[in-house]
Structures are given as structure tokens and as C-alpha cells.
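Following: one structure in C-alpha cells, then a few remarks.
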Amino acid sequence: MTRKQKRAVLIGGGVGTLAVALILVLFALQDSIVFFHTPSDIVEKGVQPGQRIRLGGLVEAGSVVRGQGTTITFKVTDTLKEIPVSFTGVLPDLFREGQGVVAEGVLKPDGQFKADSVLAKHDENYMPREVAKSLESKGVKLGESAHPGQVKAQMP
Amino acid sequence: MIVELGHFALILALLVAVVQVVIPAIGASIKDERMMRVADPAAVSQLFLTAIAFFALMHAYATSDFSVLNVAQNSHSTKPMLYKLAGVWGNHEGSMLLWVLILALFGAAVAVFGNNLPASLKARVLSVQASIAVAFLLFSLLTSNPFTRLDPAPSDGNGLNPILQDPALAFHPPFLYMGYVGFSIAFSFAIAALIEGRIDAAWARWVRPWTLAAWMFLTIGIAMGSWWAYYELGWGGWWFWDPVENASFMPWLAGTALLHSALVMEKREALKIWTVLLAILTFSLSLMGTFIVRSGVLTSVHSFAVDPARGVFILAILVLFTGGGLALFALRAKDMQAGGLFQPISREGSLVLNNLLLVTGAATVLVGTLYPMALEGLTGEKISVGPPFFDMTFGPLMIPLLIALPVGPMLAWKRGDFAGAMQRLAFAFGAALVAVVAVFAVEHRGPWLAPFGIALGVYVMAGAIAEWAHRVKVGSAGFDEVVRRARNLPRSAYGTLLAHFGIGMLVVGIVATSAYREEHILAMKPGETLAINGYDVTFNRVERARGPNYIDDLAEFDVKRDGQTITQLTPSKRLYDAPPQSTTESGIHASWRGDLYLVIGDAQPGGGYAVRAYFNPLVRFIWLGALIMFIGGGFSLSDRRLRVGAPAKSRQPIAVPAE
């Protein structure tokens with residue numbers, strides 16, 4: 001092979017690999033990203049049932065019902081709207097009524113949210129940044145302890 | 001008093017670092033020996049002063065001095081001593097202090113062990129290294145001072161996040177930082193070489209051991225973090241593609257590429273410009289990781305309290321060093337001559353492929369990590385990019401890399417014999433075929449691709465052994481000759497064998513546990529039994545016990561197999577005193593086949609408990625593989641070629657002048 005051909009192979013290989021990676025990334029970004037919504041977003045924007053989303057807000061006080069099996073139901077609220085959620089499994093350590101929560105799953109046609117994972121990303125004082133931010137943008141007054149500038153959270 | 005001493009020592013370290021930046025750099029440009037030699041004592045005293053600061057803070061933690069704000073916020077008097085000490089880096093300020101300590105440690109190591117370096121190169125390397133130290137010491141002192149006093153001092157502290165109170169996590173940050181920050185040396189060498197305007201094979205020989213050491217620590221640091229997440233978070237998962245994990249994984253990918261390209265440069269003088277660029281990029285990814293983790297742009301267990309000023313400061317450091325490094329590269333790289341020529345099918349060609357795929361892989365991880373942040377910044381839309389994204393992008397890129405991995409070492413430098421390499425790999429292909437058949441025979445569940453994934457891992461493991469066997473002439477020479485050759489083989493060859501074997505093992509573990517995991521979630525009452533993967537797990541009772549700083553609700557499970565009691569597992573839920581927070585402790589029975597993994601959830605009305613039970617097949621291969629890679633790195637590092645002084649004299653270095 002001549003020097004030129006060798007260089008062509010190198011450049012071709014490099015460009016080819018990058019092109020493949022780019023196509024993969026574009027497809028993956030289309031198919032596998034999950035949008036974050038608050039209960040108000042879901043009501044206002046009309047999120048389609050069946051679409052995979054993340055639902056964030058506070059666990060409404062008094063809404064947690066533990067059945068005999070491992071299915072638990074609760075309501076997620078942003079104090080304006082609330083969405084009923086059902087989840088089968090073991091809730092994370094930090095799941096508590098009145099505290100921030102992020103649930104991932106799909107909205108069913110009857111308006112219930114079926115979560116397959118629940119993250120409670122907060123400790124005693126703080127709440128998830130995404131939740132705090134969107135609550136604040138909705139005009140919800142947050143107490144001193146829930147200030148978005150002081151986020152302490154768990155790794156999912 | 002000791003705290004003030006520490007604070008003072010940190011300020012002195014900054015001043016020493018400023019001297020270390022300026023004097024040797026001037027000395028190197030005007031060829032003044034005495035000025036260049038200032039770098040050595042400066043680097044050592046910078047380490048000494050930073051160490052004083054670090055141990056002063058550690059002393060405050062050990063004695064629970066709550067008049068120090070940082071201690072009061074992150075420690076508690078009832079915490080066990082190990083976690084008081086580890087608590088030093090369990091918070092933002094302390095971990096940045098550890099960062100600068102390790103940075104100074106690497107700088108001092110170059111000063112002490114780098115006697116075979118040309119004086120001007122060494123002076124410039126230490127000068128660049130000190131400039132990084134100046135940036136981070138300023139960051140520490142101005143925005144993240146760990147020595148701030150608190151008046152009046154509270155009677156007790158807030159405590160350390162309980163999930164961080166764990167032995168593996170106590171040692172995870174120091175190892176991770178040794179890797180992360182260790183790449184600063186490769187960066188400093190690259191910048192120094194660009195300033196010098198000359199670069200040759202000897203440069204690669206000097207850089208490789210430092211890169212190798214950093215890579216080893218990063219490997220084991222990431223593995224420790226993954227292992228901790230596995231048993232402590234109670235999800236049974238070992239990798240989450242969390243941005244913080246990605247932050248450490250990207251420098252690992254780039255660093256792995258750098259190790260291999262430096263090899264080409266050392267042996268064949270080729271890929272010089274690329275290697276220098278890769279050295280800059282690898283440390284830039286380390287800085288990017290520090291930015292992602294420390295600036296508070298994302299929420300995670302690693303992002304402690306957030307202050308916008310810190311984010312801006314680290315971003316400025318990132319822009320300064322990455323931008324500055326790349327600008328210098330753009331100015332000077334064209335003056336460097338391209339090195340040795342090679343055919344596409346050759347050892348060099350295979351290492352180029354390795355670099356191409358590793359760097360592209362790192363780029364896809366970077367896109368997946370930064371895209372959500374960029375999108376939120378630009379449109380306010382909040383998204384999460386989870387494992388499906390990385391499975392779709394990073395995964396496919398690694399498959400050709402793994403297929404090519406055993407072939408590369410079988411090819412000769414310059415011009416390789418592809419058919420011959422295939423012949424020599426017959427053993428590896430055979431092993432892979434056996435693996436496919438065996439897995440299909442044993443497991444009918446799971447995706448049909450999984451047996452091929454496991455076979456790919458087996459092929460890489462067998463390929464590593466085949467390469468060794470070829471080098472020591474197993475099969476073609478007599479027994480004594482094989483033993484003699486095996487003894488004479490350089491340690492770096494054993495390093496390659498182990499590192500490549502380890503990666504194969506890791507692949508087998510990943511595929512097996514992802515494809516064939518068994519999971520049960522159910523409510524169990526005392527006396528009930530669950531059958532999982534041949535085990536019978538009986539729930540006995542839950543008992544409350546008292547730990548040093550927590551209350552433990554211990555669930556007792558009897559584990560039987562074929563009627564024989566094997567072990568008793570006690571997963572538990574702990575409620576810590578300070579901060580009052582609960583954690584889940586898993587109960588794990590490990591065996592070669594895989595792990596039986598139990599976690600308990602909330603109490604149910606009527607005396608039952610929610611129970612999560614997993615069987616994770618071959619999951620130990622993941623961390624064992626990483627450990628073997630770490631040991632392989634150690635073998636390579638102990639090779640005579642890298643250890644013994646003045647390697648430049650052993651061969652004729654072909655220095656290429658800039659002009």
C-alpha cells in the first residue's frame with residue numbers, strides 16, 4: 001500500500017466509526033430518553049398514556065396505602081394537582097409522606113401512573129433539585145429546609 | 001491551634017506552588033540549571049505542607065472538634081473512629097483537600113523518582129503540575145475552606161450520611177482520586193513536551209509508568225464504588241450509568257486508550273501527536289468529572305452542599321486547562337514530525353482501532369452525561385438519560401473492540417500476518433464455541449444474544465492465554481524450554497496477560513448477571529419459604545439490635561439447598577441516630593455460581609415484610625476481573641524496563657526537533 005492509501009484507510013476507519021457512533025447516539029436519544037414531568041405538567045400538557053416518563057413531586061400526606069401484597073399506592077402532588085401512583089416492589093429507604101419523590105413508569109389510560117421504579121432522592125431536610133425547581137416555578141412556596149440551593153441526595 | 005496551623009500550611013503550600021510554577025519555567029527557557037532545580041524541593045515541600053493541612057483536618061475529625069464548621073456539619077461524636085477519619089473526605093471541602101494532597105503527591109513523586117528526565121523537561125513538567133495545584137489550592141482556600149471556625153461550637157455534629165459509613169466507601173475516594181488526579185502527570189508531560197517543542201519515544205517511556213499507575217488506581221477505585229453500590233444500595237445492581245459514575249468512567253476509557261497509544265509511540269515512534277492530544281484529553285475528562293461532581297450541577301450522593309460560586313470556579317479551571325492545553329496543542333503540534341509507518345493490518349493498526357473505539361465510546365458516554373444538563377440549560381426541559389441509552393450506544397462500540405482485542409497482540413509490528421494470527425487464536429475460537437454451546441445447553445431463559453456475549457468474554461480470556469502460550473512456545477518447544485521462556489518473559493507481558501484476561505472475565509460477569517438474573521419481590525411472613533435458583537430461603541423472624549450509632553432491625557433467613565442448611569442471612573434496615581436516616585443492608589451468600597442477595601423492605605400490616613430476593617449469576621466476575629486488571633497493571637509497573645533508571649540510554653532515542 002502506498003502512503004496515501006494507508007492514510008485513506010486510517011481516515012476512512014475513523015470517519016466510519018464516528019458515523020456509526022453518531023447514528024447510534026441519535027437513535028438512542030430518540031428512543032431511550034425519559035422526560036420529567038410534575039403532576040401539573042401531566043394535566044396541562046396532556047401527556048399521552050403509554051409514554052414512559054418520570055413523575056416528580058411530593059408524596060401527599062395520608063395517601064400511602066400498603067396492600068397485603070407488595071403493591072403500594074400513593075399520590076404524588078405538586079400542591080396544585082395530584083396523580084395517583086401504584087408501585088410493586090420495595091420502596092427506597094427515604095420514601096416518606098410529605099417528602100419529595102421521583103417515580104419512573106407509564107401513565108395508564110385511566111389516569112393512574114404505574115411506576116416501575118421509585119427514587120426518593122432526599123434526606124430529612126432536602127428534596128430533589130428537579131422537584132424543588134419545578135415546584136418553585138409553579139409558585140409553590142418552599143420552606144427553608146427545602147431550599148433548592150441545599151440539595152443533598154442519594155445516588156439512584 | 002492545630003486547625004489554624006493546617007490553614008496556614010495550606011496557604012504556604014499555595015505560595016510554594018506559585019514559586020514552583022514560575023522559577024523552573026523561567027529557568028528552563030533561559031537554560032539556568034539552578035533555577036530549574038528549584039522545582040524539586042518546591043514539589044516536595046508543597047507535598048509536605050499540603051499533608052500538614054490534611055492531617056490537621058483529620059486531627060480535628062478524630063478529636064471531634066466541633067468548633068470547626070466542616071467537622072460540625074459532617075461528623076458526630078458517636079461515629080466509629082474509621083468513619084470519623086474517612087469522614088474527612090466524605091464532604092466537599094475535605095475531598096477537595098484530598099484532591100490537592102494527591103496532586104502534590106504525584107508532583108513530588110516525579111521530583112524524587114524522575115532523575116532520568118532531562119533537566120529542562122523535568123522543570124517544565126513540575127511547573128505545569130504546580131499550576132494545576134495553584135488553581136485547586138485557590139479553589140480550596142477561596143470557596144471551600146475546610147478550616148472555617150464555628151462560634152459558638154455546637155455540642156455535637158450533624159453526622160455523616162449513613163450510606164457513606166461503610167468500609168468500601170471509606171477507601172473508594174482515595175483510590176479514585178489517585179487515578180483521576182494521577183492523569184495530571186500525563187497532562188503535565190504533554191504540555192511540557194509541547195512547550196519544549198520536541199517529543200520522542202523516550203517521552204512515551206517516561207509517561208507510561210505514571211499513566212499506568214493512575215490507570216491502576218482508577219480501575220480499582222471504580223470497582224470499589226461499584227461493589228459498594230451493589231451491596232449497600234440494596235438494588236442488586238452494580239452500575240447505574242449515573243453521571244457521577246460516568247465522570248470517573250470517561251477518564252478511565254481515555255486513559256486506557258492513552259496507555260495503548262503510548263505503547264505504539266514508545267516502540268515505533270508513531271502516533272506521537274495523537275498521544276499528546278490524548279494525554280491532554282484524558283486529564284480534561286478528569287477535570288470535567290470534578291466539575292460534574294463538585295459543582296452541584298447534578299444531584300447525587302457525591303454532590304454535597306451546593307454553592308454556585310464553586311461551580312463557576314471549577315468551570316473556569318476546566319476551561320483554562322483544557323482550552324489552554326488544546327490551544328497550545330493547535331499551535332505546536334504541526335511542528336512535530338509524524339513517526340514510523342505501518343500497514344493497517346499490524347500491531348500499530350490494531351492499537352489505532354483500540355484507540356478509535358475507546359475514544360468514541362468515551363464520547364458517547366460524554367454525550368449521554370452532558371445532554372440532559374445542556375437541554376435543561378437551553379430549553380428548561382428536564383429529561384433523564386438512563387441505561388437504555390448507554391446500552392444502545394456504548395455497548396455496540398465495545399463489541400468490535402473485544403473481538404479485535406486478542407488479535408492485536410498476535411500481529412507483528414509494522415506489517416502483520418492476519419491469517420497467522422487467526423491460526424494462533426484457534427484455541428480462543430474453540431473456547432468461545434464451547435462456551436456458546438454450554439450456555440445454550442444450561443440456560444434456556446434470557447435473550448438469545450446472551451450466550452454469544454458470554455462467549456465473547458471467554459474468547460478474550462482464552463485469547464490472552466493463547467498469546468502467552470504463543471510467546472513461550474507451548475506446543476512447539478520442550479517443557480524445559482517453555483519454563484525457561486516463561487521465566488524470561490518480561491513482567492509487562494504478564495501484565496498484558498492479566499489485564500486482558502481480567503477484561504474478558506468482566507465481560508462474562510456483566511453479560512451473565514444482566515441476562516440471567518433471577519428476581520423475586522414478595523411479602524413474606526415468618527415461617528414462609530421462597531424457592532430461588534435451587535435455594536430454599538425461609539424467613540424466621542425480625543429482631544431489633546443496637547449498633548454503635550444505629551438501631552438495626554435484623555431479619556433472619558435460613559438458606560437451604562437440597563435440604564442441607566448452607567448459611568443464615570441477615571439483611572436489615574438500620575436507623576441511624578445522626579442524621580436520623582435509615583439504610584438498607586443486604587444479606588448476600590456468595591458462591592462461584594453467583595450471589596444469593598436478600599433485602600427487606602417495610603413491615604406489612606399483619607406481621608409480614610416486603611422481601612426482595614435476587615440470584616445474580618457470576619456477578620463476582622465483574623469485580624474479580626477488575627481486581628485482576630489492577631494486579632496486571634502492577635506487574636507491568638514492576639517491569640525492569642520501566643523501573644531501572646535512564647531507559648533513554650538503553651536505546652538510541654530518535655529525537656525529532658520541532659523545526
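Here the structure is a predicted model, which means the values were calculated and not measured. In what follows, every chain begins at residue 1, and chains take the letters A, B, ... in the order their sequences are listed.
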*Report yes if the distance between the aromatic ring centroids of A/F87 and A/F74 is under 6.0 Å, otherwise no.*
no
*Pick from A/V20, A/I33, A/I72: which one has the most heavy-atom pairs with chain B under 4.5 Å?*
A/I33
*Under 3.5 Å, side chain of B/S586 to main-chain N/O of B/Y231, donor-acceptor pair present?*
yes
*Counting only heavy atoms closer than 4.5 Å, note whether A/L10 contacts chain B via side chain, backbone, both or neither.*
side chain
_Counting heavy-atom pairs closer than 4.5 Å to chain B, which one of A/L22, A/L24, A/V34 comes out on top?_
A/V34
*Determine, step by step, whether B/S346 and B/R415 satisfy the side-chain contact (heavy atoms from CB on, under 4.5 Å) criterion, reporting the C-alpha distance in whole Å, the side-chain angles of both residues, the deciding distance to 0.1 Å, and the verdict.*
CA-CA 5 Å; B/S346 63; B/R415 184 193 299 267; 5.5 Å; no
*Evaluate the criterion side chain to side chain donor-acceptor pair (under 3.5 Å) for residue pair A/T71 and A/T88; output intermediate values, then yes/no.*
CA-CA 4 Å; A/T71 299; A/T88 302; 3.0 Å; yes
_B/N91 and B/L160: CA distance, side-chain angles, deciding distance, side-chain contact (heavy atoms from CB on, under 4.5 Å) verdict_ = CA-CA 9 Å; B/N91 61 84; B/L160 176 69; over 6 Å; no
*For the candidates B/T583, B/L397, B/T364, B/V352, which exhibits the highest count of non-hydrogen atom pairs separated by less than 4.5 Å from chain A?*
B/T583
*Among B/I383, B/L375, B/V599, which residue forms the greatest number of heavy-atom pairs with chain A at distances under 4.5 Å?*
B/I383
*asked:* Using the ring centroid of each side chain, check whether B/W241 and B/F389 are separated by less than 6.0 Å.
replied: no
*asked:* Which atoms of B/T360 are under 4.5 Å from chain A, going by heavy atoms: the side chain, the backbone, both sets, or neither?
replied: side chain
*asked:* Quick check on the interface: out of B/G349, B/P388, B/S384, who has the most heavy-atom pairs with chain A under 4.5 Å?
replied: B/S384
*B/F394 versus chain A, heavy atoms under 4.5 Å apart: side chain, backbone, both or neither?*
neither
*If you tally heavy-atom pairs under 4.5 Å against chain A, which of B/V359, B/T584, B/V367, B/V611 wins?*
B/T584
_Donor-acceptor check, side chain of A/D78 to backbone of A/K81, threshold 3.5 angstrom: yes or no?_
yes
